[in-house]
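What follows is a set of notes on a single structure, which appears directly below.
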Amino acid sequence: MSVLLPARRLGVVCLSVLLAACGGDSSDPVTIAPDPLAAYRAQTVQWRDCDPSILGQEGDWPDAIADRVSCADIRVPQDYAAPGGDDLSVAMLRVTAEQPDRKLGALFFNPGGPGGDGLGLAAHFGELWRNADPDDALGGQYRALSRRYDLIGFSPRGTGASSALICESNELTPQPAFHGDRSPDNVDTLLRYSELEARTCKKNPMAPYINTEQTVRDLDLMRHLVGQAWLDYIGFSYGTWLGAWYAARFPDRVGRILLDSNMNFTGDFSDASAGQVRSLQRVLDGIVAPYAARHPDRYGLGTSVDAIRDLFGRLPDPMKQLLSENIPLNTSDAVEDAVYMLKGASEVGDLVQANPDADEARIHELIDQDDYATDPQVNETLTKAVHAVATEYFKALAAGPEPIRVNREEATYTAVVCNDAPVNPARDYWVQLGDEYAVEYPLNGGSITGQPCLFWGGANVDKPSIEAVARAGTVLMVQSEYDALTITEGALEMFDRLPNARLVFVDDEYSHGIFPYGTECVDSAVAGYFIDGEVPPRRTDCGGKPLPGDSGTHDARARSLTTGPETETARPSPYLDPERAEEVRGRIGDIIGKQGRRFRAH
């Protein structure tokens with residue numbers, strides 16, 4: 001294992017006092033162009049006390065970080081190509097290192113999206129790592145991250161507590177039916193919704209400046225203002241796209257960068273959308289359905305994998321839409337929730353089809369009259385799941401047209417996606433692709449037709465090349481084998497194009513947002529990289545963790561359980577309070593998973 005020395009290369013300025021070394025006549029005047037960002041670089045970050053309400057939460061900061069949390073807002077140019085015009089504000093949240101005298105630097109976080117608010121990640125990771133057991137091998141490494149790094153979360157321009165991109169109009173939102181309905185009228189409604197969203201957001205004068213090019217320059221300004229010569233960074237999902245773009249633009253300022261659950265930087269957002277449609281279907285058919293079939297007594301869906309796979313196609317269209325938009329396939333931690341939702345959708349779907357005139361109250365009555373398992377506790381759990389799906393189903397049916405309100409996260413997503421990279425401008429291409437995908441990948445396939453960028457007018461920045469990323473030196477990538485949201489084939493293509501990159505690959509796992517995973521194979525490689533600069537081998541393959549109730553991990557290709565040395569055995573918790581740690585890990589996972597699913601078209 002080699003040791004990483006962050007790229008901290010000196011630039012030499014050929015001033016008159018150095019002319020002998022640099023060459024040139026000492027009598028020639030030397031002119032240094034003024035720095036157009038000087039006023040922004042000269043600002044002082046005014047850190048202040050803040051409370052969790054900045055994250056939309058009530059209460060106080062956890063005791064583990066309460067005395068180390070502070071917030072700040074910095075000024076950034078709206079357009080780095082023309083600084084000095086309008087300014088925007090970018091919000092930052094810092095959890096200071098427990099041992100400032102031994103501090104290694106400032107570690108920045110981004111949860112993905114685009115449009116994800118990363119402000120809270122610093123607080124959540126700060127609490128999680130402070131809870132680590134220093135006497136545990138893995139916990140000691142987590143704790144070292146808490147002790148030796150300032151943790152910094154930020155709201156990217158357009159979202160969170162930064163200057164917000166909000167798109168509103170008096171026009172009523174169209175109400176498309178399930179995207180698998182490929183009738184001309186419904187396809188037109190899907191496209192009408194996308195057109196209205198794009199047109200509404202384009203009316204906001206901030207919209208042209210919400211793109212990754214501007215955001216990486218905000219990130220570099222933040223790096224400078226906190227006094228760091230290089231960027232240390234953890235990015236998830238779209239955050240890997242942001243990190244790769246930063247590495248391409250500022251290769252000499254790259255320190256230790258982790259790209260977790262990778263967007264393929266050799267491609268574009270159209271590729272990401274198509275890949276997500278395929279990977280979500282793969283997880284549902286190849287992992288979740290077989291898992292449910294292995295545990296019929298627990299979930300009540302029978303033992304036939306094919307029957308469980310076919311369940312989606314038997315549902316009424318409104319139930320398909322509910323499942324498409326809400327089934328939690330982003331993390332294996334939620335596999336039971338995904339199966340419970342399948343069970344609820346199956347039962348409620350059958351009830352509403354058998355009782356077409358029944359209202360919501362009657363459906364709930366019918367649910368209570370049925371038994372879903374012989375075990376009383378399992379039956380109670382399944383009954384609750386079926387009631388929950390019924391409630392959401394009728395809530396969705398009751399929704400009607402409203403004036404369009406695109407919140408800051410969705411608006412930022414649309415602006416970044418459409419500004420960053422061109423899309424195929426042919427309407428018929430997206431309609432035909434949706435027709436094909438609706439058959440091949442019924443869970444989300446038809447949604448790919450709804451492309452706001454068809455109505456945006458084209459990209460306004462030039463994306464760097466993958467070769468430019470490669471010039472930045474070593475970056476660390478982490479990827480699960482069946483990542484549900486950023487398709488693994490794309491991540492591996494990116495890895496192959498980055499000869500200096502290192503990859504930690506988690507076999508038989510589909511979670512999106514891996515670190516911290518809770519196994520030494522994965523997390524020690526990442527922690528050692530940040531703490532000691534240890535560079536792992538070119539590729540490290542780690543075993544995944546079994547799903548609840550399974551004796552081994554699941555191979556989605558072989559459709560079977562696998563056991564042996566590739567399966568991670570359970571280890572004691574590396575946390576002092578394991579229950580609290582799981583709660584905080586869940587919050588982190590919710591933030592990352594929510595943003596990852598934004599690649600899905602409307």
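Note that the numbering runs from 1 along the sequence shown for the chain.
- One finds the CG atom of L145 at 8.0 Å from the CG atom of L151 (value rounded to the nearest 0.5 Å).
- In this structure, R539 forms a cation-pi arrangement with F505, its terminal cationic atom sitting closer than 6.0 Å to the ring centre and no more than 45° off the ring axis.
- For the pair Y291/V335, a side-chain contact is recorded, criterion being any heavy-atom separation below 4.5 Å from C-beta on.
- With rounding to the nearest 0.5 Å, the separation of CD1 in I591 from CG in N110 is 11.0 Å.
- Applying the salt bridge (Lys or Arg N to Asp or Glu O under 4.0 Å) rule to D86 yields no partners; only residues at least two apart in sequence or on another chain are considered.
- Here the shortest heavy-atom pairing between A161 and S155 reads N-OG, 3.1 Å.
- Side-chain N or O atoms of W61 include one that pairs as donor or acceptor with a backbone N or O of C50 at under 3.5 Å.
- Not counting sequence neighbours, the partners of T159 by the side-chain contact (heavy atoms from CB on, under 4.5 Å) test are P156, R408, E409, T412.
- A donor-acceptor pair is defined here as one N or O able to donate and one able to accept, closer than 3.5 Å; such a pair exists between the side chain of Y233 and the backbone of G239.
- Contact check for D218 versus Y80: side-chain heavy atoms found under the 4.5 Å cut-off.
- The aromatic rings of H295 and Y299 sit perpendicular to each other, their planes meeting at more than 60°, with 30° as the lower class boundary.
- The closest side-chain heavy-atom distance from L476 to P536 is below 4.5 Å.
- In terms of modelled atom types and a separation under 3.5 Å, the side chain of R68 and the main chain of T96 share a donor-acceptor contact.
- Y413 and Y238 have their aromatic ring centers separated by at least 6.0 angstrom.
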**Request:** Start with the C-alpha distance between Y40 and D87, add both sets of side-chain angles, then the distance that settles side-chain hydrogen bond (donor to acceptor under 3.5 Å, both in side chains), and finish with yes or no.
**Result:** CA-CA 10 Å; Y40 300 97; D87 287 345; 2.6 Å; yes

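- With a 4.5 Å cut-off on side-chain heavy atoms, L342 and L323 count as touching.
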**Request:** Kindly indicate, with the supporting measurements, whether the criterion side-chain contact (heavy atoms from CB on, under 4.5 Å) is fulfilled by L498 and V469.
**Result:** CA-CA 8 Å; L498 295 175; V469 181; 3.8 Å; yes

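- Between S261 and G513, the shortest heavy-atom contact is OG-N, 2.7 Å.
- Here the side chain of D523 pairs a donor or acceptor atom with the backbone of Y517 at under 3.5 angstrom.
- There is a side-chain donor-acceptor pair under 3.5 Å between N444 and S324.
- Across every non-hydrogen atom of L382 and Y372, the tightest pair is CD1-O, 3.7 Å.
- With sequence neighbours excluded, the residues forming a side-chain contact (heavy atoms from CB on, under 4.5 Å) with K103 are A97, D150, listed by chain and number.
- Listed for the Q479 side chain is a donor-acceptor partner under 3.5 Å among the backbone atoms of N262.
- Among residues two or more places apart in sequence or in another chain, the ring-ring contact (aromatic ring centres under 6.0 Å, His included) test is passed with F530 by none.
- Heavy-atom minimum distance, M494 versus A244: CE-CB, 4.2 Å.
- Aromatic ring orientation, H387 versus H364: parallel (interplanar angle below 30°, classes split at 30° and 60°).
- Aromatic ring orientation, F515 versus W129: tilted (interplanar angle from 30° to 60°).
- Evaluation of the salt bridge (Lys or Arg N to Asp or Glu O under 4.0 Å) rule for R148 yields no partner, not counting sequence neighbours.
- No donor-acceptor distance shorter than 3.5 angstrom exists from the side chain of R75 to the backbone of S89, with no hydrogens or angles considered.
- Considering only residues two or more places apart in sequence or on other chains, F109 meets the ring-ring contact (aromatic ring centres under 6.0 Å, His included) condition with F125.
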**Request:** Please assess W245 against D420 for the test side-chain hydrogen bond (donor to acceptor under 3.5 Å, both in side chains), listing each intermediate value before the final yes or no.
**Result:** CA-CA 11 Å; W245 199 303; D420 268 15; over 6 Å; no

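- If you take CZ on R157 and CG on L219, they are separated by 11.5 Å, rounding to the nearest 0.5 Å.
- The distance from atom CD1 of I65 to atom CG of N131, rounded to the nearest 0.5 Å, is 11.5 Å.
- Y393 contributes no side-chain N or O that, together with a main-chain N or O of A345, makes up a donor-acceptor pair within less than 3.5 Å.
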**Request:** Any chance you could lay out the side-chain contact (heavy atoms from CB on, under 4.5 Å) test for V389 and E392, step after step, and finish with the verdict?
**Result:** CA-CA 5 Å; V389 171; E392 293 303 313; 5.9 Å; no

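- Annotation: salt bridge (Lys or Arg N to Asp or Glu O under 4.0 Å) contacts of R48 (sequence neighbours excluded): D73.
- A search for side chain to side chain donor-acceptor pair (under 3.5 Å) contacts involving R585 returns E582, not counting sequence neighbours.
- To the nearest 0.5 angstrom, Q276 atom CD is 10.0 Å from L329 atom CG.
- A 4.5 Å side-chain heavy-atom check between L280 and L284 finds every atom pair outside the cut-off.
- To the nearest 0.5 angstrom, N264 atom CG is 11.0 Å from T488 atom OG1.
- For Y246, the side chain to side chain donor-acceptor pair (under 3.5 Å) criterion is met by D220, R223, not counting sequence neighbours.
- Side chains of E168 and R405 form a contact here, defined as non-hydrogen atoms less than 4.5 Å apart.
- In this view, E213 and R217, R249 satisfy the salt bridge (Lys or Arg N to Asp or Glu O under 4.0 Å) rule, not counting sequence neighbours.
- Residues that satisfy the side chain to side chain donor-acceptor pair (under 3.5 Å) test with D51, not counting sequence neighbours, are S53.
- At least one side-chain heavy atom of V478 sits under 4.5 Å from a side-chain heavy atom of L258.
- Although no hydrogens or angles enter the test, the distance criterion places no donor-acceptor pair under 3.5 Å between the side chain of Q78 and the main chain of M206.
- Counting heavy atoms from C-beta outward, V226 and F108 have side chains that approach closer than 4.5 Å.
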**Message:** Assess the residue pair L485 and S237 against the criterion (side-chain contact (heavy atoms from CB on, under 4.5 Å)); give the C-alpha distance rounded to whole Å, side-chain angles, the decisive distance to 0.1 Å, and a yes or no.
**Reply:** CA-CA 8 Å; L485 302 184; S237 195; 5.6 Å; no

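- S162 places no side-chain N or O within donor-acceptor distance of the main-chain N or O of G158, the cut-off being under 3.5 Å.
- Applying the side chain to side chain donor-acceptor pair (under 3.5 Å) rule to T331 yields the partners S511; only residues at least two apart in sequence or on another chain are considered.
- Judged purely by atom type and a 3.5 angstrom limit, N419 uses its side chain to pair as donor or acceptor with the backbone of A415.
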**Request:** Begin with the C-alpha distance, continue with both residues' side-chain angles, and end with the deciding distance and a verdict on side-chain contact (heavy atoms from CB on, under 4.5 Å) for N211 and Q214.
**Result:** CA-CA 6 Å; N211 55 57; Q214 302 286 352; 3.2 Å; yes

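- Counting all heavy atoms, side chain and backbone alike, A207 lies closest to C201 at CB-O, 3.4 Å.
- When all heavy atoms of A72 and W47 are compared, the pair lying nearest together is CB-CE3, 3.6 Å.
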